[in-house]
Amino acid sequence: MASEELLLIPGPTNLSREVRDAMSRPQISHTSAEFYSTFKEILDLARYAFRNEKGFQYAFTGSGTLGMESAVVSLVGHGDRTLTVSNGYFGKRMLMLNQVHGAKADALDYADGCPADPDDLRRKLKSARYKAVFITHVDTSTSVVNPLKPLVEECKSAGVLSVVDSVCGVGGQPLDFDALGADIAFTATQKAIAGPPGAVLLAASSQALNHIQKREGEIESYYMSLARWKPIMEDPKIYLATPAIQIFLALRVALSQLKDEGLELRWERHRALGSTVRKRLGELGVDFVAESGSRADTVTAFWVEDGKAGNVQKVLEATHHIVVAKGIGDTREKMIRIGHFGVLTLERLRSAMDPIEQVLLAEGVAVRKGTPLQTKP
Ligand SMILES: Cc1ncc(COP(=O)(O)O)c(C=O)c1O
């Protein structure tokens, strides 16, 4: 039964009872005083979650992909040269979005699990005049975490705008928007924030806003224009499009719970979640996708023999009511991904690791200590 399942997929994640309850109330109006104050509170709480005191804060209805595309279409015009640092499925998607919107889109490509190297970025930024660089914080497809600070520093020294996709970061993997100095960072609600899917939270620097205001040529989108959404963030009474009210009501609760826990403590809990999964799987001898030292605290991906991922997933779900994810794209049948974020407690994770280990051993995709399987494709 769905209600008994433990979701250990890399989003959407398990919701607290309070977050669920917030969605099952009679409908309220988007122009009501209650919704107005909910919206305002979400923006304040999102500032807390991003550590965004200096920049501007957005919240709008849509999935993480809308965050990606609104950043691209708002900053980039036809013929602008952009660079996407790509080390997984979501980097590739970002590159594709740049292409879709007419950018001369270059990629700084890395193999699955390999973090980006700031020296490579510096060299690349010297080779052409780029308008913006797009970086994924944690690529959920491989669980690699990129060294954001030095990468953004390279962009700043080259005078290039930087955009961070932190859909699998904010609320779990440390991100401090003000200290980082990126121009745009965004997340979606269904991962470490532990809200339902359906809203984008996006932070923008004043430099990004200036650029958007002064750019040559219209932003070629209505709904995805950050310029068009700006007045709504200043006064949520203004109508642009009907927000997903229930999602926002639940998001307010999820963000309040995040603040009640405290961001530092939440990061610490996620560090403990990440290291527990890595330790337990490491003892089994699994072959992690992300390089050592660049493994995320929010998601863990590992290789399994081609074709085995589906069995592991099925058995865990049917026998233990634990839902894990397979790979994404080409790696679908040869990778397993475990999401460990949101409201997941260390205790709950530890108890789920026992059946996960049993099933991995029974399916023959991992071996005991010290003799890792050579399963990398
Ligand atoms: C890093 C990253 N970026 C973007 C997205 C796209 O988000 P959505 O599926 O909510 O559109 C995801 C989704 O998992 C993601 O993990």
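What you see is a predicted model; the values in this text were computed from it and never measured. For ligands, and for the atoms within them, numbers begin at 1 and follow the listed sequence.
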>> Checking the side chain of R81 only, and the main-chain atoms of A103 only, is there a donor and an acceptor separated by less than 3.5 Å?
In response: no
>> Please check if the number of heavy atoms outside E218 that lie under 6.0 Å from its CD is greater than 12.
In response: no
>> Under the rule for side chain to side chain contact (heavy atoms under 4.5 Å, CB included), what residues qualify as partners of K40, not counting sequence neighbours?
In response: Y36, P236
>> Show the nearest heavy-atom pair for residues I28 and I245, with the distance to one decimal.
In response: O-CD1, 3.3 Å
N/O pairs closer than 3.5 Å, ligand 1 and protein:
| residue | atom | partner | partner atom | Å |
| --- | --- | --- | --- | --- |
| ligand 1 | 3 (N) | D165 | OD1 | 3.3 |
| ligand 1 | 3 (N) | D165 | OD2 | 2.6 |
| ligand 1 | 10 (O) | G64 | N | 2.8 |
| ligand 1 | 10 (O) | Q190 | NE2 | 2.8 |
| ligand 1 | 11 (O) | S63 | OG | 2.5 |
| ligand 1 | 11 (O) | G64 | N | 3.3 |
| ligand 1 | 11 (O) | T65 | N | 2.8 |
| ligand 1 | 11 (O) | T65 | OG1 | 2.5 |
| ligand 1 | 14 (O) | K191 | NZ | 2.7 |
| ligand 1 | 16 (O) | T140 | OG1 | 2.4 |

>> Show, in sequence, the C-alpha distance, side-chain angles and deciding distance for R51 and E264, and conclude whether the salt bridge (Lys or Arg N to Asp or Glu O under 4.0 Å) test is met.
In response: CA-CA 11 Å; R51 292 225 167 127; E264 295 274 356; 2.9 Å; yes
> Would K326 and E333 pass as an ion pair if we require N to O under 4.0 Å?
Replying inline: yes
